[in-house]
Amino acid sequence: MKNRLRVLRAERAWSQAELADRLSVSRQTINSIETGKYDPSLPLAFAIGRLFSQPVEEIFSVE
Amino acid sequence: MQAQPAPRANWFALKENRFVLVGILWFVAYWVARGLLERSDLETWIRVVAALAPVPIFAWFLVCFIGTIRGMDELEQRIHLEALAIAFPLGIVLLQTLALMQRAVTLKFEDWSYAHVWIYFPIFYFLALGLVRKRYQ
């Protein structure tokens with residue numbers, strides 16, 4: 001899957017660690033999602049959507 | 001109003017620290033038991049108790065380990081699951097191969113007894129953990 005997580009994070013000038021703290025996950029999880037090596041679970045994907053106030057489909061898409 | 005300083009975290013209360021400490025305790029218990037069993041002057045019932053002594057400490061370690069895994073985030077849990085998925089079959093194939101080798105040739109008891117083989121299981125797990133972590137970096 002593709003995602004816009006890095007772009008959304010950069011728009012807010014958050015580091016990966018800051019974003020990880022806001023989502024209560026590890027920095028490694030954020031890095032793995034951004035590099036496409038890991039697809040988040042549904043609850044985490046929705047938490048990301050809520051954090052950025054965007055629907056999940058606008059953040060994550062099938063390649 | 002002056003802000004109150006945050007209370008110092010109890011080191012032992014943190015799941016990760018407790019898991020490590022109990023793991024070390026289990027490891028030490030094993031070697032103490034092993035050292036005790038080197039003595040030939042002990043009665044049989046004491047030897048059996050010494051051999052079984054690490055088991056309740058392992059049970060405590062297992063509870064701490066499971067608690068630590070449950071407290072991890074989803075990627076960390078997946079990493080540990082994949083590491084187990086690699087290490088467990090490797091352990092099985094090791095035992096299976098030794099079983100067959102035992103029928104093929106005479107294996108030296110000093111090299112391939114239970115005392116020597118068990119250590120491969122955590123080794124497989126830690127190696128697998130390292131490999132899987134690299135995949136998600």
Side-chain angles (χ1 to χ4, degrees), chain A, chain B residues 3-24 60-90 121-137:
Chain A
M1 293 188 78
K2 296 188 301 184
N3 67 78
R4 298 173 48 237
L5 194 62
R6 181 166 284 167
V7 169
L8 293 169
R9 181 173 60 80
E11 284 172 0
R12 288 154 182 79
W14 291 341
S15 65
Q16 286 184 340
E18 279 175 304
L19 178 56
D21 281 341
R22 289 170 189 270
L23 293 168
S24 301
V25 295
S26 64
R27 194 201 62 80
Q28 183 182 16
T29 300
I30 299 300
N31 184 57
S32 294
I33 294 172
E34 288 183 358
T35 55
K37 291 184 177 166
Y38 175 68
D39 294 327
S41 66
L42 211 48
L44 180 56
F46 276 106
I48 291 170
R50 272 196 306 275
L51 182 67
F52 292 110
S53 302
Q54 292 194 15
V56 172
E57 310 81 53
E58 288 191 18
I59 302 175
F60 298 96
S61 57
V62 180
E63 283 182 322
Chain B
Q4 296 295 320
R8 283 180 64 183
N10 179 347
W11 187 88
F12 191 70
L14 290 171
K15 274 185 191 170
E16 299 78 19
N17 296 341
R18 193 162 62 229
F19 151 68
V20 169
L21 188 66
V22 178
I24 291 170
W60 187 16
F61 168 78
L62 190 60
V63 168
C64 293
F65 182 53
I66 291 170
T68 303
I69 296 281
R70 284 185 175 157
M72 290 178 178
D73 82 349
E74 54 186 67
L75 179 58
E76 275 291 316
Q77 285 183 348
R78 175 182 278 203
I79 286 170
H80 280 270
L81 182 65
E82 288 189 20
L84 278 173
I86 293 169
F88 180 64
L90 273 179
F121 286 76
I123 289 173
F124 288 155
Y125 182 62
F126 286 118
L127 282 174
L129 214 50
L131 273 169
V132 176
R133 273 196 207 285
K134 270 182 139 358
R135 184 172 167 255
Y136 289 102
Q137 278 175 352

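In what follows, every heavy atom counts, from backbone to side chain, and hydrogens, waters and symmetry copies are set aside. First the proteins, then the strands, lettered A, B, ... as listed; each starts at 1.
For the atom pair OG1 of A/Thr29 and CE of B/Met72, the computed distance is 11.0 Å after rounding to the nearest 0.5 Å.
The heavy-atom pair separating A/Ser32 from B/Leu75 by the smallest distance is OG-CD2, 3.4 Å. Here the closest non-hydrogen pair linking B/Glu74 and A/Ser41 is OE1-OG, 2.6 Å.
Heavy-atom distances place no part of A/Pro43 under 4.5 Å from chain B, backbone and side chain included.
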Tabulate below the donor-acceptor pairs under 3.5 Å that side-chain atoms of residues 128-137 of chain B make, not counting sequence neighbours, or state none.
| residue | atom | partner | partner atom | Å |
| --- | --- | --- | --- | --- |
| B/Arg133 | NH1 | B/Glu76 | OE1 | 3.3 |
| B/Arg133 | NH1 | B/Glu76 | OE2 | 2.7 |
| B/Arg135 | NH1 | B/Glu82 | OE1 | 3.3 |
| B/Tyr136 | OH | B/Glu82 | OE2 | 2.7 |

